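Step one of this worksheet: look at the structure below.
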Amino acid sequence: FGERESWGQKVMWYDGGFHDRGFMHLALEEWTAPPDSVRRKRTNVAPHMRMHARGDTTEFTFACDSLYMYDDARGGYDLVVPAGDVRYTLHPDKGLVLWLRGEPRPVPDPA
């Protein structure tokens with residue numbers, strides 16, 4: 001789930017109860033033009049998220065041009081990246097994994 005002026009997407013899994021599976025540090029970047037200014041908004045990317053099951057692994061991809069990434073799990077912050085460069089996988093044993101440009105980057109376990 002996410003919300004307006006999104007700070008990311010919490011991944012919850014339902015298996016008889018809800019379980020926190022991790023956090024995607026992403027938002028959809030939008031530009032608005034209120035009178036006399038231009039403003040960047042970070043909004044909910046969930047409507048552009050696509051989920052695919054492959055065996056016991058779930059893959060999340062994004063059907064939009066670009067994504068605002070708060071944390072690339074390697075020390076990079078506040079990046080705008082092509083959506084095609086980003087996907088996440090959710091594994092029963094490894095949890096949530098960020099894939100950026102084909103390279104896996106484990107996401108810290110939710111506390």
Side-chain angles (χ1 to χ4, degrees):
F1 60 84
E3 60 185 58
R4 189 176 46 157
E5 284 295 327
S6 180
W7 285 96
Q9 303 296 309
K10 174 72 77 178
V11 179
M12 304 292 286
W13 205 257
Y14 184 79
D15 184 12
F18 286 101
H19 304 278
D20 185 349
R21 296 305 309 237
F23 194 76
M24 296 180 187
H25 295 269
L26 300 174
L28 186 65
E29 183 179 48
E30 294 181 355
W31 294 91
T32 62
D36 300 325
S37 68
V38 175
R39 181 173 176 253
R40 177 173 57 188
K41 290 179 66 174
R42 292 167 298 269
T43 62
N44 185 359
V45 74
H48 303 277
M49 191 180 305
R50 304 297 180 258
M51 186 174 84
H52 313 277
R54 295 183 184 181
D56 64 354
T57 300
T58 304
E59 179 180 59
F60 301 91
T61 58
F62 303 90
C64 52
D65 292 331
S66 60
L67 297 166
Y68 187 94
M69 183 174 283
Y70 294 99
D71 183 350
D72 72 357
R74 268 293 154 71
Y77 301 97
D78 300 319
L79 309 168
V80 177
V81 297
D85 287 357
V86 179
R87 68 185 176 100
Y88 280 83
T89 52
L90 180 59
H91 308 266
D93 55 339
K94 293 186 276 185
L96 194 61
V97 176
L98 162 65
W99 294 80
L100 184 57
R101 297 177 194 94
E103 179 186 346
R105 299 175 180 205
V107 175
D109 287 333

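The structure displayed is predicted, hence computed values, not measured ones.
Closest heavy-atom contact between F62 and R87: CE1-CA, 4.3 Å. The heavy-atom pair separating C64 from A83 by the smallest distance is O-CB, 3.1 Å. Smallest separation of non-hydrogen atoms from K10 and G22: CD-O, 3.6 Å. Smallest separation of non-hydrogen atoms from P106 and A73: O-CB, 4.2 Å. What you find for N44 and L28 is that their closest heavy atoms are O-CB, 4.2 Å.
Of the listed residues (R40, K41, R42), just one forms a salt bridge (charged side-chain N to carboxylate O under 4.0 Å, His left out) with E29, and that residue is R40.
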Original post:
Do Y88 and V11 pass the side chain to side chain contact (heavy atoms under 4.5 Å, CB included) test, and can you show the C-alpha distance, the side-chain angles, and the key distance before you say yes or no?
Top reply: CA-CA 11 Å; Y88 280 83; V11 179; over 6 Å; no
Original post:
Taking it one step at a time, do R54 and T89 satisfy side chain to side chain contact (heavy atoms under 4.5 Å, CB included)?
Top reply: CA-CA 10 Å; R54 295 183 184 181; T89 52; over 6 Å; no
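For the atom pair W13 CH2 and T58 OG1, the distance stands at 3.5 Å (nearest 0.5 Å). To the nearest 0.5 Å, atom CD of residue Q9 and atom CG of residue L96 are 11.5 Å apart. Taken to the nearest 0.5 Å, the CG atom of L79 stands 8.0 Å off from the CG atom of L100. We find the CG-CE distance between D78 and M69 to be 11.5 Å, quoted to the nearest 0.5 Å.
Checked by atom type and distance alone, the side chain of D15 never pairs as donor or acceptor with a backbone atom of F18 at under 3.5 Å. Between the side chain of R21 and the backbone N or O of H91 there is at least one donor-acceptor pair closer than 3.5 Å. Remark: side-chain polar atoms of R105 are paired, donor with acceptor, to backbone N or O of D72 under 3.5 angstrom.
Listed by chain and residue number, H25, Y77 satisfy the side-chain contact (heavy atoms from CB on, under 4.5 Å) test with D71 (two or more places apart in sequence, or in another chain). Legend: residues meeting side-chain hydrogen bond (donor to acceptor under 3.5 Å, both in side chains) with R74, ordered by chain and number and at least two apart, are E103.
R101 places a side-chain heavy atom less than 4.5 Å from the side chain of V81.
Under the 4.5 angstrom side-chain criterion for Ile, Leu, Val, Met, Phe, Trp and Tyr, the cluster partners of W99 are V97.
Other residues, nucleotides and ligands contribute more than 12 heavy atoms inside 6.0 Å of the CZ atom of R50.
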